[in-house]
Enquirer: 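I am attaching a structure below and will ask some questions about it afterwards.
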Amino acid sequence: MRPGPLIIAFGLLDAGRASSANQHKWTYPDWRADKIFKRQDGTGACPLPQAMLVTAPRKTPFVPLSQPELDSIIEWLGSSSLGLNLSDPSSSTLAMSDNYINHIEILKPNKTDVTNYLSGNASSVPRYARVVINEGAAKVPGVVQYYVGPLPISNSTTMRPLDYFYNGPNGPKVLFSGGLYDAPRRRAVEAIVTKTMSSIADVTLDLTGLAYYGTDDNRTNAVYFVQNPYSTDGTTGVTWLPWRRLAQNPWDQPSDLYVSLDITGTDPSLYHLRMIVYNLIVYNSTDAFRAAWAAGEITKTPKPTTNDSFLNKNRTGTIRDLEGRFAPTMLTLDGNRYRVDVVNNYVTYMGWSFYMRFDKDTGVQFYDVRFKGESVLYELSLQDALVQYAGNNPFQTGTAYSDRFYGIGAQAVQPIPGYDCPYHATYLNATFNDGGSLRTIQKSLCLFETDIGTPLTRHDVYGNWKQSTKGSKLVVRMIATLGNYDYLWDYGFVVDGSITVDARASGYVQADYYRAADEGRWGPRIGETISGTMHTHVMNFKCDFDLVDTKNTFTKTDLVVENITQPWYPERGVFESMRYNISDLASEAEGRQLPVPANGQSMYTVVNKDHLNAWGQPRGYRILPGLSNVYLPSQNSPFFLKSGQHAKQAFSVSRQHDTEPASTAALSGNVPEAPLVEFWRFFADDEPLQQEDLVVWANLGMHHYVRAEDLPNTLPAEAHASLMLAPQNWAFRGGENTRDLANAVMYQWNITNAEGVVVPETNGVNAPGCLGLGPDDELLGVFEEQ
Ligand SMILES: *[C@@H]1O[C@H](CO)[C@@H](O)[C@H](O)[C@H]1NC(C)=O
Ligand SMILES: *[C@@H]1O[C@H](CO)[C@@H](O)[C@H](O)[C@H]1NC(C)=O
Ligand SMILES: *[C@@H]1O[C@H](CO)[C@@H](O)[C@H](O)[C@H]1NC(C)=O
Ligand SMILES: *[C@@H]1O[C@H](CO)[C@@H](O)[C@H](O)[C@H]1NC(C)=O
Ligand SMILES: *[C@@H]1O[C@H](CO)[C@@H](O)[C@H](O)[C@H]1NC(C)=O
Ligand SMILES: *[C@@H]1O[C@H](CO)[C@@H](O)[C@H](O)[C@H]1NC(C)=O
Ligand SMILES: *[C@@H]1O[C@H](CO)[C@@H](O)[C@H](O)[C@H]1NC(C)=O
Ligand SMILES: *[C@@H]1O[C@H](CO)[C@@H](O)[C@H](O)[C@H]1NC(C)=O
Ligand SMILES: *[C@@H]1O[C@H](CO)[C@@H](O)[C@H](O)[C@H]1NC(C)=O
Ligand SMILES: *[C@@H]1O[C@H](CO)[C@@H](O)[C@H](O)[C@H]1NC(C)=O
Ligand SMILES: *[C@@H]1O[C@H](CO)[C@@H](O)[C@H](O)[C@H]1NC(C)=O
Ligand SMILES: *[C@@H]1O[C@H](CO)[C@@H](O)[C@H](O)[C@H]1NC(C)=O
Ligand SMILES: [Cu+2]
């Protein structure tokens, strides 16, 4: 058996520490004499952990489309009999008014089909493609989604609107103006921006130091962003462009200048300027803006600072005492304790097993999660990462990002070994469909086992016995850089049967132009000409519980305070005491919006009432709010009106349906009033929830109170949100799930050596010889050191 990983401080083992250790209180000199600490250079001799293999019980049901499959679908879609009138999406003259394929990926299979296959009841999962087509040439232009299959292409292959995924007002269609922001549209916007801004370049240069003549013109020293959302329901397109210095990291180089465009429809000649805002004054045209400037009516505000050294992340300053030493690190010294089937993305670890799927929109997802062979979750997956801003200007007020729109999975990055992920982590490639290709991001997921930093259990019965169990978990980490911001997601599988989800943020904040008159109401000043800007991040997770099987119930255990009397307390009269008030969610109307219980005075559990433990209790898992289970503060903001319904409460509970696979969709990002998925409609039919197939939708996030410490990069230790799913009366025989662990030590008063010293039982798992140990690491004698 292999010991769990250890946190090691390399610096601890040097000679200076050894001599001070000799001065340590020294109560058992005799039997420790042969262990007197000597410097050991052994760590270098610990073997590199080797990959431990496993073969998935079934081949993964989640295989992206191969390039030949993609090619065959593209060819089939292009066949004249379908009449799609498709243009080549890679053409440099592609127009918004063309029909063309934007994206093809494997259609996420129905749960019904996957579970049938995994249980051995079906030999395969039907393969279909999800196809996204820009239908610019249609009578009502839009972006429409279809499913094509079964695959491989045959005479029985059909193409059907993907209506069963989407319950929004336009089915699987997003009307054009709220659709894609791809090359044809970018070219159209760039043309109107260049025309407009070059005509007032002298004015903008005078007011802000910035001029824009187009991306390729060497007089250009400014850059713009295109605000999301740029539509309401897809019928019109309106966006704001904030102007920024063209220098490192423009997200933190704001000016006081904003321009709004009308970008409605597929005809670029109709795109036009709507407004210019400088110093919070609105000008309706370039002429009005120039006239005001020429007349000296514009009050100038400071130009954006040109000294952007505050954005440098290079090390600077004197090195702190002892900081020249290598920081403590987490190492696996005795070989990996988890197994991976890299072909099937299947993992086993200490009783856990699961499949992983990689999704372009949202990244890594977990399926068929089992503990000690029993089903816990069918699916655990991120749905989206939203950010909503506010500010005293047109850009921040109207900014509401849905990062799924940009492809969270597609922006996954390779972590830096030893820094982003521990040494000797296992790296997995992420392979997924993007556009019309099969794409791989090398080494974009890391898996590693970590010491949770505390014992899982420990107890001391003075003079009798003493025990401690090591706490370990397997972590799957994904990092994605979405423009200015980096998100780190950790999914942890703990040896006690609990699952942890952690989300953290780092990177450059999107800063605002500093205005003293705002008096910090949207964020403090954090630089010469910038202020931090308040915003809320919300990440929605789907937890499709299948505890033992699909028949599950959501139970609330409220802790209520009541006035009571008890006959053995006559002298107290009526007094306040506590009890549980246990109730089940009856139906979806009750499940739509659940809060984080105030003062923790309610426990949420999912249980299976048909599977009781030995004590007659339904076996279940608890949903423990962790850090920062926040949701969008505004329920009615137009920028997330319906597209953000999944992010407007801490928790929701719905019945699982193949027609409700996700709480949102990538292309909902710019149509807040007509999203593809209206999450709250899942609850409208108010289906019963007792002993049904349940999905818990949980939000994690942070209200980001931006501070000077966000520069240059946000500190993820603080920008951190978490959730835990933990066994609750889960084991059939009752009790916690760690008594079988061998990485545990037990001292018993009567198990001693010849000298009468209690000998610890370590179950044959001991620190490998390559690990240098100091005198204070000695186990023998600890029992006596009371
Ligand atoms: C095909 O699309 C082009 C634009 O790409 C359009 O001009 C043409 O009218 C379309 N043809 C048909 C038959 O719809
Ligand atoms: C096996 O498949 C059949 C046909 O698809 C279905 O009716 C049956 O419920 C499945 N059984 C199990 C155990 O999944
Ligand atoms: C479709 O059917 C036709 C005639 O029925 C046959 O010639 C052709 O090979 C079939 N194509 C495929 C892909 O099966
Ligand atoms: C900008 O480009 C023009 C012509 O393309 C050239 O004459 C000029 O020297 C360039 N200026 C700078 C600063 O590079
Ligand atoms: C700008 O146009 C709006 C209507 O679009 C109008 O209400 C406003 O008065 C105009 N402002 C100026 C300064 O012309
Ligand atoms: C830029 O700012 C930094 C820090 O505020 C300062 O140390 C440096 O001297 C400045 N550089 C210039 C050229 O003003
Ligand atoms: C490092 O510092 C130099 C100037 O000293 C600066 O030009 C560069 O952008 C900095 N790099 C980063 C990544 O901050
Ligand atoms: C990742 O891809 C690289 C290059 O194709 C390959 O060498 C490596 O084996 C892959 N890693 C895994 C874990 O599949
Ligand atoms: C208990 O009774 C006292 C006295 O009437 C009252 O002030 C208090 O609010 C009651 N507590 C509860 C939980 O009802
Ligand atoms: C107990 O819970 C039920 C169901 O939510 C509720 O109707 C009842 O008022 C609660 N009782 C107390 C004392 O809180
Ligand atoms: C998935 O299930 C839905 C709802 O039952 C059904 O309409 C759809 O056709 C299924 N999809 C596939 C690919 O079979
Ligand atoms: C040690 O003492 C316990 C009771 O405290 C007893 O059950 C056990 O048998 C003893 N073991 C030995 C080796 O004496
Ligand atoms: Cu933030």
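Since the structure is predicted, the reported quantities are computational estimates derived from the model, not experimental observations. Both counts, for ligands and for their atoms, begin at 1 and track the order of listing.
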Enquirer: How does A95 reach ligand 1, if at all, at less than 4.0 Å between non-hydrogen atoms: by side chain, backbone, both, or neither?
Expert: neither
Enquirer: Within ligand 1, which atoms have a heavy atom of D98 less than 4.0 Å away?
Expert: 4 (C), 5 (O)
Enquirer: Which pairs pass side chain to side chain donor-acceptor pair (under 3.5 Å) with one or both residues in residues 173-184, sequence neighbours excluded?
Expert: Y100-D182
Enquirer: Find all atoms of ligand 6 within a distance of less than 4.0 Å from any non-hydrogen atom belonging to S309, and give their numbers and elements.
Expert: 1 (C), 2 (O), 3 (C), 4 (C)
Enquirer: Quick check: W465 with Y747 (ring centres under 6.0 Å apart)?
Expert: no
Enquirer: Step by step, work out the side chain to side chain contact (heavy atoms under 4.5 Å, CB included) result for L210 and L205.
Expert: CA-CA 5 Å; L210 304 181; L205 196 60; 5.9 Å; no
Enquirer: Only one of E105, R130, E69 clears side-chain contact (heavy atoms from CB on, under 4.5 Å) with N433; which?
Expert: E105
Enquirer: Less than 4.0 angstrom from a charged side-chain N to a carboxylate O is my criterion; do D361 and R404 meet it?
Expert: yes
Enquirer: By number and element, which atoms of ligand 1 are closer than 4.0 Å to a non-hydrogen atom of A137?
Expert: 2 (O)
Enquirer: In terms of atom number and element, which parts of ligand 1 are under 4.0 angstrom from non-hydrogen atoms of S97?
Expert: 4 (C)
Enquirer: Do any nitrogen or oxygen atoms of N99 lie less than 3.5 angstrom from nitrogen or oxygen atoms of ligand 1?
Expert: no
Enquirer: Within a distance under 4.0 Å of any heavy atom of S87, pick out the atoms of ligand 1 and give their elements.
Expert: 5 (O)
Enquirer: Please evaluate residues F176 and R185 with respect to the criterion side chain to side chain contact (heavy atoms under 4.5 Å, CB included), reporting the C-alpha separation (whole Å), side-chain torsions for both, the decisive distance (0.1 Å), and the verdict.
Expert: CA-CA 11 Å; F176 182 84; R185 203 150 186 213; 3.9 Å; yes
Enquirer: For a distance cut-off of 3.5 Å, show me each N or O of ligand 12 paired with any protein N or O, plus the separation.
Expert:
{"from": "ligand 12", "atom 1": "2 (O)", "to": "N750", "atom 2": "ND2", "distance (Å)": "2.2"}
{"from": "ligand 12", "atom 1": "5 (O)", "to": "W749", "atom 2": "NE1", "distance (Å)": "3.2"}
{"from": "ligand 12", "atom 1": "11 (N)", "to": "N750", "atom 2": "ND2", "distance (Å)": "2.9"}
{"from": "ligand 12", "atom 1": "14 (O)", "to": "N750", "atom 2": "ND2", "distance (Å)": "3.0"}

Enquirer: What about Y147 and Y164, are their ring centers closer than 6.0 Å?
Expert: yes
Enquirer: Given 3.5 Å as the limit, does a donor-acceptor pair link the side chain of T236 with the main chain of T264, or not?
Expert: no
Enquirer: Are the aromatic rings of F225 and W251 close, with centres under 6.0 Å apart?
Expert: yes
